[in-house]
Every structure is written in structure tokens, then in C-alpha cells.
Amino acid sequence: MTRIVQIKNVNQPGKLYPRDADKMEKISAALLSVLPTDTPGLTQSEMIKALRGAVSEADFPGTTHGWWGKSAQLHLEAEGLVIRDATKPLTWRRA
């Protein structure tokens, strides 16, 4: 049976989204492992590219790591664990 976790979205305060807990744990850990703590952080495309090398193809086949990675980024940002810098293009880093 799949465990479900409710995640946040920094762009939708107060709203929760049900997600597979195991996948969220894996992708969140991977995202935190690839994001730098210093500026500049990673752009969206750099973040997704870095995630491809940090997660298992069996867990995240094809391009699904991108969708899960964005979900994790929005959740971790809402939790205050990831910071969005007002750069052009936008960059993200660990808090």
C-alpha cells in the first residue's frame, strides 16, 4: 500500500497536495543534496539536470524526476528549507 504525504506549494499558501511519501522523501533528499548553500544557486534547468544524476532511473523513469523535483522544490521552499533568489533567471539554494 502506498503511503501518502500532504505537501505544500509556496505559490498556493494553505493548500495541500497528496503525493507518494516514498517518492517525495527520495526526491527531496536528492534535491537538498544537489542544491548549493551559497549564491548563486541553481537555475530551474540546472536543478532538474542535477537531479537526473542524483536519483534512480527505476524510481523516476524518463523525465518524471523533473515533475517530482519541482514538486519537492515548491514544498521545501514553503517549509523554508530552500530559498528562491530574485536573480534572472531565478535560482534556488538550500537555506
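Numbers here are sequence positions counted from 1. Reckoned from all heavy atoms, side chains included, excluding hydrogens, waters and symmetry mates.
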Going from [atom1] on [X] to [atom2] on [Y], what distance comes out if it is rounded to the nearest 0.5 angstrom?
X	Y	atom1	atom2	answer
W92	Q44	CH2	CD	4.5 Å
H65	I48	NE2	CD1	6.0 Å
H75	M24	NE2	CE	6.0 Å
L32	I27	CG	CD1	10.5 Å

For residues L74 and V82, determine if any side-chain heavy atom of one lies less than 4.5 Å from a side-chain heavy atom of the other.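 No, their side chains stay 4.5 Å or more apart.
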
Between [X] and [Y], is there shared hydrophobic-cluster membership here, with clusters defined by ILVMFWY side-chain heavy atoms closer than 4.5 Å?
X	Y	answer
F60	V5	yes
L90	L76	yes
W67	V55	yes
V34	L81	yes

Return the minimal non-hydrogen interatomic distance between [X] and [Y], and the atom names on each side.
X	Y	result
L42	A50	CD1-CB, 4.4 Å
I4	P18	CG2-CB, 3.7 Å
A58	P61	O-CD, 4.1 Å

Please list all pairs passing the salt bridge (Lys or Arg N to Asp or Glu O under 4.0 Å) test where one or both residues lie in residues 29-54, with sequence neighbours left out.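 Qualifying pairs: R52-E57.
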
Going by side chain to side chain donor-acceptor pair (under 3.5 Å), name the pairs with one or both residues in residues 17-37, residues two or more places apart or in two chains. R3-D22, R3-E25, K26-D59

Among all residues two or more places apart in sequence or in another chain, which pass the side chain to side chain donor-acceptor pair (under 3.5 Å) test with S45?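 If we apply the side chain to side chain donor-acceptor pair (under 3.5 Å) test to S45, skipping adjacent residues, the hits are T43.
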
May I ask you to decide if L35's main-chain N or O and R94's side chain share a donor-acceptor pair within less than 3.5 Å?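 Looks like yes, one N/O pair under 3.5 Å.
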
Under the 3.5 angstrom rule, does the side chain of T87 hit a backbone N or O of P89 as a donor-acceptor pair? yes

Contacts under 3.5 angstrom, residues 6-13 side chains, donor-acceptor by atom type, not counting sequence neighbours:
{"residue": "K8", "atom": "NZ", "partner": "E79", "partner atom": "OE2", "Å": "2.8"}
{"residue": "N9", "atom": "OD1", "partner": "N11", "partner atom": "N", "Å": "2.7"}

